[in-house]
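Beneath this line is the structure, given in structure tokens, with notes to follow.
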Number of protein chains: 2
Amino acid sequence: MTPMQGRPTEGAGAAGTGGASRGDTVAAVVGQWQAVHPELDTGPMEIIGRVNRCAALLQQAEDAPLRRAGLSRPEFDLLGALRRTGHELTPSELARETFSSGAAVTKRLKQLTERGLVERRGDTRDRRVAHVRLTDAGRDLVDAILPEQLAYESAVLEVLDPPSQGELSALLAELLGRLEGHMGALRA
Amino acid sequence: MTPMQGRPTEGAGAAGTGGASRGDTVAAVVGQWQAVHPELDTGPMEIIGRVNRCAALLQQAEDAPLRRAGLSRPEFDLLGALRRTGHELTPSELARETFSSGAAVTKRLKQLTERGLVERRGDTRDRRVAHVRLTDAGRDLVDAILPEQLAYESAVLEVLDPPSQGELSALLAELLGRLEGHMGALRA
DNA sequence: CGGAAATGATTTACAGGTAAAACACATGCT
DNA sequence: AGCATGTGTTTTACCTGTAAATCATTTCCG
């Protein structure tokens, strides 16, 4: 879907499906590609492009509540992992939980420790490993931000009626479940 | 959806919707949150979390064909914008088309110019503006990569049957269209 | 026991992005 | 004309992530 990122200046057709709002930017981009390469099947672009664009827009919007608390999203993801699991996690566990590299976790932990949001303690058995846990301040911060976050997300998603939200959620769950299963099997 | 990024080690319930593969990672994370904060409405997380996670997985997978050509995704997006519009674009137009900052475009243009994929020419009227176009090599590269890209995307998406792909595409189009319309109206 | 290999975490060097400032030029107003 | 203001682009300083190398420790076995 990479080649479809973009906001074409002059609309290139793209007849609306339902009839409400006219085409999104992805439809316009796909139209441009179709005009240049009519033989290509642009179907995949319409899905992958929209997923990416939605993710970008939603993240941008979502940043607002977090920034008020002085947290970046990756930082909040890390704190959230500690909060939702309810117990201490090692840096490598945090890396897996947040889908990020160990080096990135190390850096974030340094900052979050300085800010007094997490604490570290060494393992008594294996002195290589560290155990990280939320401080009271960290836990309170997460608990304060999370409801704001969810409320904001809820408001943003209200552009879709509840039944559509349900269908979308289910389709994405199926796609994600299978992607997570099959990933790594493909090597083009 | 921020707080839901993660891959819980121990599954926390999450009954499957249809019945095929058991829950995705998002369902597991949501389950963990529910256990800690049962009063929260985690509905939004299920959508936004999945959108983000799908985007991450799809991008990661998609990188393969591009990297073989020695291009990053943002670089290819820039070349693609030039190819699909069919005419020259100024740096600021490229920034809008690729949803990136002007500074980022400047850097990419420098590299792509050095590699001989794009050319610049100054405007004769307004000497502030530059016009960027693909070189023959740049155009050929895009035309060579695009079909590979689409074929690969198509293969990845085959985890969903065609009707589901259609529904997903339509729902995402509606969500994206409205988000693009309403964005900026919300300030939480 | 003792050295080789593995593992957890951190450090280093670097690539890439952004915001804000700086530049270069054009445009509008008087 | 002449100067303030605006616009297009680039530069600067900085921040964050990554891959690869490093360090410290444990585990595996002969």
Side-chain angles (χ1 to χ4, degrees), chain A residues 2 5 9 52 55-57 59-60 63-64 66-67 70-79 81-82 88-115 117-133, chain B residues 2 5 9 52 55-56 59-60 63-64 66-67 69-79 81-82 88-115 117-133:
Chain A
T2 285
Q5 282 278 45
T9 318
N52 282 329
L57 281 179
Q59 286 184 14
Q60 173 189 340
D63 278 348
L66 283 183
R67 294 181 95 89
L71 286 177
S72 71
R73 167 198 296 278
E75 285 168 342
F76 189 58
D77 280 349
L78 193 159
L79 297 178
L82 288 168
E88 296 179 329
L89 293 173
T90 68
S92 29
E93 286 170 338
L94 281 168
R96 279 200 309 273
E97 290 287 333
T98 61
F99 300 104
S100 38
S101 71
V105 169
T106 296
K107 288 190 178 181
R108 278 173 223 154
L109 284 178
K110 189 159 69 176
Q111 296 198 140
L112 293 172
T113 305
E114 286 168 1
R115 288 195 244 170
L117 298 174
V118 303
E119 284 174 341
R120 334 177 44 136
R121 118 187 128 70
D123 188 298
T124 34
R125 299 286 184 150
D126 187 338
R127 282 183 303 187
R128 288 171 304 181
V129 333
H131 296 271
V132 181
R133 68 180 164 202
Chain B
T2 285
Q5 281 279 45
T9 318
N52 281 331
Q59 287 185 12
Q60 175 190 339
D63 276 349
L66 283 184
R67 294 180 95 90
L71 286 178
S72 72
R73 167 197 297 278
E75 287 168 340
F76 188 58
D77 280 349
L78 194 159
L79 297 179
L82 288 169
E88 295 179 330
L89 292 173
T90 68
S92 29
E93 286 169 339
L94 281 168
R96 281 200 309 273
E97 289 288 332
T98 61
F99 299 102
S100 38
S101 71
V105 169
T106 296
K107 286 191 179 181
R108 280 174 222 153
L109 284 178
K110 189 158 69 175
Q111 296 199 140
L112 294 172
T113 304
E114 285 168 1
R115 286 195 246 169
L117 299 174
V118 302
E119 284 173 341
R120 332 177 47 137
R121 116 187 130 72
D123 187 298
T124 35
R125 299 286 184 152
D126 187 338
R127 280 185 303 189
R128 289 170 304 181
V129 333
H131 296 270
V132 182
R133 69 181 164 202

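In the text below, chain A, chain B and the rest are named by the order of the sequence lines, each starting its count at 1. This one's a predicted model, so the numbers in the text were calculated from it and none came from an experiment.
- When the salt bridge (Lys or Arg N to Asp or Glu O under 4.0 Å) test is applied to A:Asp123, no partner is found at least two apart in sequence or on another chain.
- Summary of the strand contacts: A:Arg127 and A:Glu75 both lie near DNA chain D, and taking for each the nucleotide with the nearest heavy atom, the more 5' one is attributed to A:Glu75.
- Between the CG atom of B:Leu94 and the C1' atom of D:dT10 there is a distance of 15 Å, given to the nearest Å.
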Once base and sugar-phosphate atoms are separated, protein heavy atoms under 4.0 Å mark nucleotides 7-15 of chain C, 5' to 3', with B, S and - as BSSBB-B--
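- Whole-Å rounding puts the A:Arg67 CZ to C:dT18 C1' distance at 10 Å.
- One interatomic measurement links the two molecules: CZ of B:Arg73 to C1' of D:dG17, which rounds to 17 Å at whole-angstrom precision.
- The interatomic distance linking B:Leu112 (CG) with C:dG16 (P) rounds to 11 Å, in whole Å.
- By the side chain to side chain contact (heavy atoms under 4.5 Å, CB included) test, B:Gln111 pairs with B:Glu75, B:Arg115, sequence neighbours left out.
- Between the C1' atom of C:dA19 and the CD atom of A:Gln60 lies a distance of 15 Å, rounded to the nearest Å.
- Among residues two or more places apart in sequence or in another chain, the salt bridge (Lys or Arg N to Asp or Glu O under 4.0 Å) test is passed with B:Glu88 by B:Arg121, B:Arg133.
- The distance from atom CG of B:Asp123 to atom P of C:dT27 is 10 Å, rounded to the nearest whole Å.
- Not counting sequence neighbours, B:Thr106 has no partner by the side chain to side chain contact (heavy atoms under 4.5 Å, CB included) test.
- B:Leu89 places its CG atom 11 Å from the P atom of D:dT9, with the value rounded to the nearest Å.
- Here the P atom of nucleotide D:dG8 and the CZ atom of B:Arg121 are 16 Å apart, to the nearest Å.
- Looking at residues two or more places apart in sequence or on another chain, you find a side chain to side chain contact (heavy atoms under 4.5 Å, CB included) between B:Ser101 and B:Ala103, B:Ala104.
- When each of B:Thr98, B:Leu94, B:Val118 is tested with B:Arg108 by the rule side-chain contact (heavy atoms from CB on, under 4.5 Å), just one qualifies, namely B:Thr98.
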